[in-house]
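In what follows, a single structure is set out as structure tokens and then discussed.
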Amino acid sequence: MCGITGYCGPRPAAKVLLEGLKRLEYRGYDSAGICVAEEEGLRLIKREGKIRRLIEKVPTNIKGNTGIGHTRWATHGRVNDLNAHPHLDCSGNIALVHNGIIENYSGLKEKLESEGHVFLSETDSEVIVHLVEKFYQGSLEEAVKEALALLKGTYGIVCMHRDHPGLLIGARNGSPLVLGVGNGEMFLASDVTAIISYTKAVVYLEDGEVVTLTAAEYKTTDLSDREIEKKVEAVSWELEEIEKGGYSFFMEKEIFEQPEAIKRGVSGRIDLEQATAHLGGLNMSNRDLLNIERVRITAAGTSYYAGMVGAYLLESVARVPCTVELASELRYRNPIVERNTLHFAVSQSGETADTLYALRELQRKGATVLGICNVVGSSIARESDGGVYIHSGPEIAVASTKAFTSQITVFYLFAMLLGRMRHLSYEAGLELAHELQAIPTRVEQILAKQKSIKELAAKYAHYKNFLFLGRGINYPVAMEGALKLKEISYIHAEGYSAAEIKHGPIALINEETPSFFLVPDDGLKEKVISNMKEVKSRGGRILAVAVEGENSLNNIADDIIEIPKLKNGLFYPFLMVVPLQLFAYYCALDLGRDVDHPRNLAKSVTVE
Ligand code: AGP
């Protein structure tokens, strides 16, 4: 999604802006630009392509200590220099960057053109800077507020004016914007990764808020000029957490961080004395929890598959009926919200528009919605009625890996908590607690197989189509494995219930379409093996993730990745997903893909 940076202070603005944009590259983009206030006027440099191409165009003698920057992920208008941000007004005195979608931009643009404004780009964003120009009569803040009042849609913006070189105006409505409070300098950005190398003191803007800042101070108001008191918060991350730390790609780093991330997610949340879990932040009493009669989970992408695992757990461990629905579908389905139903919105970024709007629709109907997020202070985290942070640490790669295992960790904990309030015995609760605490070590054992998985990927990376097949609690893992492969290697892959392939997909089976089966030694193992035989008998190539020593597969599967045997089959999703993450990663490497920034994708999809 688009990235925004802004700076006001003693440093050379261009350097700060470009460094910030580099830290936001992971959000996905196709063009970039900066604008700096120099004595002679605003200096605008913007270009299609990666930031390194932009840097080539930035003159070494660029001066100016106030500026704005942007990485664009195209929604309206082609990918080219003109459509890149920042955008200027007709006079060239006002510059603005925008993240979001202005839904009523075409009417506004027609009116502005009829009043003589000349547009250079095809974007919706450019209407904002011309509106500011229209309303500007000396106060940039007032002009921005008047312009924003006419907009329908979402925005995160930063605006500057050549006549106010030490001033920036930022505002948000639906697209994130965070203020970094420095010592004699101020920063604005789409998220903290662009700020924390300078300051960890941040202020998260809420929808409808405007921040007016100079190097020395800032003021937050709403669009009607009412002052808003905002808390300065401390970012808990360290800078190195958003560096690659010696790995080739953030995705590789984050796959290998999973044992630590799962440990962090469990830490302080298991009560061995009561054989249950403690989850702060739910904002629900035990009585509230006891009154829960059903759960509904909503999310997108990988988070949706984590929610599917969560649903199996809640029904199996806590015996609470649970459904999972795609946020983009739920939002427009006029959902039925019943009493005593607990809703979860699952989102790593906490900014996914589909999930955020589904949350708002559910709350509009009176639902209690808990957020399961990774990014502290994100929109979903702040707007939900409570929730649980997954504490996986910043996930920079577009392909979500450690967030998935950290999200399901939270569902294991929540299932224990609810289960032990109902029928789950002390012994059963204790067994779950011990199994969960042992998972990081088990995951490490699988990560140690990276070399053999890399060799397997090299053997299969040339195939054009894959099926990923699992049953029960591992069916969502098959879906996730297919998503991983397709989104970073661009190989077509479909996840399916292993049983379901005989109802159609088996027509796809031939030598050129390998099938990846998940074969845990749980109650469904024999069923999965018979599905494998159906594929084998039709000449399909078979890869399998199976428990160590599962010799019955030797004459069926062409290749097997072995995982440790578990006492409780409910925990296999942790162990099944890691080989699929590594397989996808190494296939993508083999094919020379830009693993951390796959084409067409963004880390956080903040548009519908
Ligand atoms: C997963 O690898 C993708 N990046 C994508 O499906 C992602 O999971 C989805 O966009 C949801 O993102 P969120 O968890 O930040 O809401």
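This one's a predicted model, so the numbers in the text were calculated from it and none came from an experiment.
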Salt bridge flag under 4.0 Å for residues Arg360 and Asp207: yes
Any salt bridge linking Arg23 with Glu19? Criterion: basic side-chain nitrogen under 4.0 Å from a carboxylate oxygen. no
Can we say Lys567 and Glu435 salt-bridge, meaning some charged N sits less than 4.0 Å from an Asp/Glu carboxylate O? no
Regarding Thr352 and Asp354, do their side chains bring together a donor and an acceptor under 3.5 Å, going by distance alone? no
Have Asn374 and Ser392 got a donor and an acceptor in their side chains that come within less than 3.5 Å? yes
Distance alone, cut at 3.5 Å: any donor-acceptor contact between the side chains of Gln348 and Ser400? no
Is any NZ, NE, NH1 or NH2 atom of the basic residue among Lys459 and Glu455 found under 4.0 Å from an Asp or Glu carboxylate oxygen of the other? no
Is a side-chain donor-acceptor pair under 3.5 Å present for Tyr247 with Glu254? no
Tell me whether Glu550 is salt-bridged to Lys565, with the criterion being a basic N under 4.0 Å from an acidic carboxylate O. no
For the residue pair Arg442 and Phe574, would you count it as a cation-pi contact if the rule is NZ or CZ under 6.0 angstrom from the ring centre and within 45 degrees of the ring axis? no
Just to verify, which of Phe516, Phe517, Phe583 counts as forming a ring-ring contact (aromatic ring centres under 6.0 Å, His included) with Phe466? Phe583
Assign the ring pair Phe187 / Tyr198 to parallel, tilted or perpendicular, where the plane angle (0 to 90°) is split at 30° and 60°. parallel
Going by distance alone, is a donor N or O of one side chain under 3.5 Å from an acceptor N or O of the other, for Glu351 and Ser379? yes
Do Thr401 and Gln258 have a side chain donor and acceptor closer than 3.5 Å? no
Of Thr409, Thr405, Ile262, the one forming a side-chain contact (heavy atoms from CB on, under 4.5 Å) with Pro440 is Ile262
Decide, yes or no, whether a salt bridge links Lys22 with Glu25 under the criterion of side-chain N to carboxylate O below 4.0 Å. no
